[in-house]
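Nothing fancy with the numbering, it's 1 onward along the sequence.
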Amino acid sequence: MSARGLIDKILSSSIDKLPLMNKMPPNKEALLLYREILKLTNKMDWRNEKGEIWGDIIRKSARQEFELAREEKDPLLIMKMILTSREAIVKVKEKMNDAYFTLNRNVENSREQMNPMDRETRGHIAEQRKGQN
């Protein structure tokens with residue numbers, strides 16, 4: 001069969017009858033997504049205004065959403081939910097990276113703004129350690 005014939009056959013078929021190639025079943029994909037959410041939330045140890053840990057809040061919310069979607073049978077809707085969740089994970093990771101970068105930059109800036117006496121003392125201590133080696 002020529003390439004054109006194969007394309008015509010695929011285009012004339014119903015979308016429901018097309019084989020899904022190189023795709024995991026939606027339930028396995030959902031399990032991998034859930035595990036990724038759990039790993040991500042383990043890194044979230046800061047608290048909200050009420051004193052609750054953000055990682056716990058997000059884990060509970062994810063569990064509720066997965067339980068609600070458990071009975072869904074439409075594969076297109078399932079994949080849409082999975083893709084939406086993956087996009088949300090990417091955004092959260094980007095925000096966490098930005099926050100950590102800002103925190104590290106602020107720490108470095110505060111170290112640079114130390115008074116001259118502290119810098120001089122640190123330099124003197126470093127020279128003494130070099131002399132001992």
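Side-chain contact check for L40 versus M96: some heavy-atom pair is nearer than 4.5 Å.
Minimum heavy-atom separation, I53 to M44: CG2-O, 3.4 Å. Closest approach of A62 and I37 over heavy atoms only: CB-CG2, 3.9 Å.
Annotation: side-chain hydrogen bond (donor to acceptor under 3.5 Å, both in side chains) contacts involving residues 89-98, sequence neighbours excluded, comprise E36-K93. For residues 50-59, the side-chain hydrogen bond (donor to acceptor under 3.5 Å, both in side chains) pairs, not counting sequence neighbours, are T41-R59, N42-R59, N48-E52, D56-R59. Applying the ring pair (Phe, Tyr, Trp, His ring centres under 6.0 Å) test to every pair with at least one member in residues 56-97, sequence neighbours left out, gives these pairs: Y34-F66.
Follow the hydrophobic side-chain contacts under 4.5 Å out from L31 and you never reach L83; the two are in separate clusters. Linking ILVMFWY residues whenever their side-chain heavy atoms come closer than 4.5 Å, directly or via other members, places W46 and I58 in the same cluster.
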Given the rule in the side-chain contact (heavy atoms from CB on, under 4.5 Å) test, do L33 and R86 qualify, once you have shown the distances and angles that lead to the verdict?
CA-CA 7 Å; L33 175 65; R86 288 224 178 269; 3.8 Å; yes
From CA spacing to verdict: side-chain contact (heavy atoms from CB on, under 4.5 Å), E108, N104
CA-CA 6 Å; E108 289 300 319; N104 287 334; 5.6 Å; no
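T102 meets the side chain to side chain contact (heavy atoms under 4.5 Å, CB included) test with R105, N106; sequence neighbours excluded. Residues forming a side chain to side chain contact (heavy atoms under 4.5 Å, CB included) with K39 (at least two apart in sequence, or on another chain): none.
Between the side chain of T84 and the main chain of K80, a donor-acceptor pair closer than 3.5 Å is present.
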Counting only pairs under 3.5 Å, give me each side-chain donor-acceptor contact of residues 68-75, with atom names and distances, residues two or more places apart or in other chains.
from, atom 1, to, atom 2, distance (Å)
R70, NH1, E67, OE1, 3.3
E72, OE2, D74, N, 3.2
D74, OD1, L76, N, 3.2

